[in-house]
Number of protein chains: 2
Amino acid sequence: MEISIGRLSAETGVKVPTIRYYEQIGLMAKPPRSEGNQRKYDRAARERLRFIRHARDLGFPLEAVRELLSMSGAPGDPCAAADDIARRQLAEVELRIARLTALREELQRMLGQCAHGTISDCRVIEVLGNHDLCQHTHQADHRHDAA
Amino acid sequence: MEISIGRLSAETGVKVPTIRYYEQIGLMAKPPRSEGNQRKYDRAARERLRFIRHARDLGFPLEAVRELLSMSGAPGDPCAAADDIARRQLAEVELRIARLTALREELQRMLGQCAHGTISDCRVIEVLGNHDLCQHTHQADHRHDAA
DNA sequence: CTAATTCCTCTAGCAACTAGAGCTTCAAGA
DNA sequence: TCTTGAAGCTCTAGTTGCTAGAGGAATTAG
């Protein structure tokens with residue numbers, strides 16, 4: 001049951017260059033190669049990659065994923081540490097939701113008051129130029145790409 | 001009313017290297033320099049930087065900020081474009097809130113079921129290893145630093 | 001057997017900064 | 001006036017988590 005990197009990619013939903021990247025940073029082990037130097041993966045590698053993918057989907061940063069992986073290899077250890085990582089992740093997510101919710105309100109207010117005239121009386125531009133017009137203090141999470 | 005970069009930083013909440021970075025990418029104009037080659041800013045620069053800061057706090061990407069700035073310099077133009085940018089930003093924010101809310105639930109469920117025993121029966125690790133145990137499909141926004 | 005696809009390595013780029021090295025200038029106190 | 005320490009300067013490189021492209025070798029379908 002040896003599969004190519006392309007196959008592994010299709011089966012896990014992780015893109016090929018990303019798999020190679022994970023190998024490069026030591027998150028995935030270097031797999032054996034074929035005659036012609038191509039990577040060959042086994043079931044264990046696929047499971048590991050699925051685990052990574054899932055953790056990433058849940059928003060865990062790679063460093064946390066690394067820790068979780070090392071724990072998953074030590075079944076006898078207490079699970080408090082894993083619990084703790086997940087708890088911190090939850091706190092992160094909640095913080096971000098709170099921030100984004102404040103942003104949403106501000107944006108809605110801004111848009112709701114826009115008279116659709118010219119820039120000179122545009123609420124959007126005006127509010128941006130003068131924070132005093134805001135209801136909340138706000139601070140975005142500054143990152144943008146969606147997964 | 002000429003102020004140093006440090007002063008400008010203190011008055012706007014934008015860090016000194018960030019101001020220089022904005023200059024480098026052409027978001028802020030190159031200011032005049034003192035005898036000894038130090039940047040000197042005026043009121044207009046401060047207002048512009050405040051505008052940028054505020055837009056960033058609301059989560060607008062730098063490219064959008066650039067557009068908004070150029071609009072704010074053309075008071076006679078119709079405001080539909082500014083409106084549109086803000087509307088798109090709002091849609092972005094709403095999407096991210098929806099995703100994060102799904103994640104939060106998943107994490108809560110994971111944590112709620114944790115028996116605090118050993119890794120071998122840790123729900124956190126188990127769920128990560130097997131997506132079928134999930135209630136939702138989820139996909140994070142993958143980015144993390146908070147502002 | 002050939003042609004299309006997939007694979008390889010390597011470097012560089014993305015957003016939006018942040019950090020550090022190694023140097024110069026400025027402001028304030030003695 | 002001198003001095004010292006903070007703040008300024010430029011430049012390069014690093015951060016996170018990938019993604020894109022060049023230029024070539026291997027594999028696989030027909």
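Residue numbering restarts at 1 for every chain, and letters A, B, ... go by the order of the sequence lines.
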With a cut-off of less than 4.0 Å, is there a side-chain N or O of [X] near OP1 or OP2 of [N]?
X	N	result
A:S34	D:dT27	yes
A:R56	D:dC18	yes
A:R66	D:dT16	no
B:R39	D:dG8	no
A:S4	C:dC7	yes

Could you state the [atom1]-[atom2] distance from [X] to [N], rounded to the nearest angstrom?
X	N	atom1	atom2	value
A:N37	D:dG24	CG	C1'	13 Å
B:L8	D:dG8	CG	P	10 Å
B:K40	D:dA7	NZ	P	13 Å
B:E63	C:dC17	CD	P	12 Å
B:Q38	D:dA6	CD	C1'	11 Å
A:Y41	C:dT6	OH	P	16 Å
B:I3	D:dG8	CD1	P	11 Å
B:I5	C:dA27	CD1	C1'	18 Å

Mind checking whether [X] and [Y] have side chains closer than 4.5 Å, heavy atoms only?
X	Y	answer
B:R50	B:V14	no
B:C79	A:I125	no
A:I19	A:R39	no
B:R99	B:L103	no

Which nucleotide in the set [options] lies at the smallest distance from any side-chain heavy atom of [X]?
X	options	value
B:R33	D:dC9, D:dC18, D:dG8	D:dC9
A:E35	D:dT27, D:dG17, C:dC17	D:dT27
A:L62	D:dC18, C:dC8, D:dT10	D:dC18

Please indicate whether A:R43 has more than 12 foreign heavy atoms, meaning atoms of other residues, nucleotides or ligands, lying under 6.0 Å from its CZ.
no

So, for A:M110 and A:L128, which heavy atoms are closest and what is the spacing to 0.1 Å?
CE-CG, 4.4 Å

Could you pull out the closest heavy-atom pair between A:A29 and A:E23, with the gap in Å?
O-CG, 4.2 Å

Please give me every residue in residues 15-27 of chain B whose heavy atoms get under 4.0 Å of an atom in DNA chain C, ordered by residue number.
B:K15, B:T18, B:Y21, B:Y22

